[in-house]
Amino acid sequence: VAALLDCFMRLNNNFQGLYMLKTRLTELLNIQHPIISAPMDLASGGRLAAAVTNGGAFGLVGGGYGNSDWLRTEMRAAGNTRIGCGFITWAMAGNTALLTQALAHKPVAIMLSFGDPRPHAAEIKAAGALLICQIQDRKTAREAIDAGADVLVAQGTEAGGHGQRRATLTLVPEICDMVAKEAPGTLVVAAGGIADGRGLAAALALGADGVLMGSRFWATVESQAHEDHKRKAVALSGDDTVRQTVTDIARGYDWPVEYTSRVYNNALIRRWSGKAEDQRKTAEAARKGYFQAFADGNTEEVGVIVGEAAGMIHDIVPAAAIIERTIAEAEEIIARLGSLRFQG
Ligand SMILES: Cc1cc2nc3c(=O)[nH]c(=O)nc-3n(C[C@H](O)[C@H](O)[C@H](O)COP(=O)(O)O)c2cc1C
């Protein structure tokens, strides 16, 4: 009876167009759809992570720069839902108790971005969590492979937030080739500029096992981003975003020089671009005002962190709707491309 029921479910899911995108990622994470939501500082709380997982994908809480109280609240908010937790590696390295704290919640995976993952891999693996590493080039990919990462997230420069210089379209296949040769059991996930089924289909075509989406999930009902920032994302196009360091100087965050961050190119960025030395002289005095403006949802005087995918964000809907749409679109594209082979 169970076998018959399973067979019926498969047929039924096929009929609904919701079954075919099974990849190594869906197997590894035991999820329905090959999609991960990014661990976005201050935006990816337990509610968003749980909504993504409950929508059939995999949600991550954003440990960001590291705030123990926030982390506790948000990991608890996700309840028993199967989620992961992500950290900005260089920030967490200064307070590794945060990693231990996150692991105590028994996350399915820990994602480390921006910094050397190797010193933390053993603790993560010993706790039984998968290790996901976000990488930006061959050097960072090499570190992740050496750390024994289960999944590499190859992040292109189109991405919202911090990153480096390589474009998703070339980085992903290059990293897939590198991994196939050196660590064939390691999965590759594409990130940067992916916001719908076109991006998912393209990523699979490039050899990725799935996608990680940040900006698109940032602009959802469950995201903790300020509602005015979400509304701004709907109004923006990819043309309106820029990579810069103004917002890090404003916040006093000491990022390694190879990283810049993509945000809305607003009045703050235009005022200080190319004037880092001058901005540094005034930044400390302006800092309190900056964080107040951020809390107030100001969109011109703070970093509105969104990537080139802004041009594909047209509404604020629940995360599950984004997942459903993305999968339906990707399936339709793949079916259409598949049928091309048989024409004429
Ligand atoms: C609002 C926002 C905040 C982010 N914060 C983090 C973070 O704290 N840690 C992290 O690893 N990545 C962070 N990222 C980057 C994502 O992990 C991911 O690389 C990116 O969102 C993918 O590109 P996309 O925005 O085009 O989907 C952030 C991205 C956004 C949009």
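Both counts, for ligands and for their atoms, begin at 1 and track the order of listing.
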Answer yes or no for [X]: is there a heavy-atom contact with ligand 1 below 4.0 Å?
| X | value |
| --- | --- |
| Phe114 | yes |
| Gly192 | yes |
| Leu212 | yes |

Under 3.5 Å between some N or O of ligand 1 and some N or O of [X]?
| X | result |
| --- | --- |
| Gly214 | yes |
| Trp218 | no |
| Gly193 | yes |

Could you find the nearest protein heavy atom to atom 25 (O) of ligand 1 and give me its residue, atom name and distance?
Ser215 OG, 2.6 Å
Nearest protein heavy atom with distance in Å, relative to atom 28 (C) of ligand 1
Met40 CG, 3.7 Å
Enumerate the atoms of ligand 1 whose separation from the nearest heavy atom of [X] is less than 4.0 angstrom.
| X | result |
| --- | --- |
| Gln155 | 19 (O) |
| Met213 | 27 (O) |
| Gln134 | 11 (O), 12 (N), 17 (O), 18 (C), 19 (O) |
| Ile88 | 8 (O), 9 (N) |

Check the angle between the aromatic planes of Tyr253 and Phe291 and answer parallel, tilted or perpendicular using the 30° and 60° thresholds.
tilted
Quick one: sort the His229 and Trp218 rings into parallel, tilted or perpendicular, breaks at 30° and 60°.
tilted
Got a sec, which pairs hit salt bridge (Lys or Arg N to Asp or Glu O under 4.0 Å) with one end in residues 212-222, sequence neighbours left out?
Arg216-Asp315
From the options [options], select the one whose nearest heavy atom is closest to [atom].
| atom | options | result |
| --- | --- | --- |
| atom 5 (N) of ligand 1 | Ile305, Val306, Asp41, Val211 | Asp41 |
| atom 14 (N) of ligand 1 | Ala154, Gly160, Gly86 | Gly160 |
| atom 9 (N) of ligand 1 | Pro39, Ala38, Ser113 | Pro39 |

With a 4.0 Å cut-off, would you call [X] and [Y] a salt bridge?
| X | Y | result |
| --- | --- | --- |
| Asp137 | Arg166 | no |
| Asp278 | Arg271 | no |
| Lys230 | Glu227 | yes |

Does atom [atom1] ([X]) have a neighbourhood of more than 12 heavy atoms from anything else shown, all under 6.0 Å?
| X | atom1 | value |
| --- | --- | --- |
| Arg198 | CZ | no |
| Arg165 | CZ | no |
| Glu258 | CD | yes |

Report yes if some heavy atom in the side chain of Ser68 is under 4.5 Å from a heavy atom in the side chain of Asn95; otherwise report no.
no
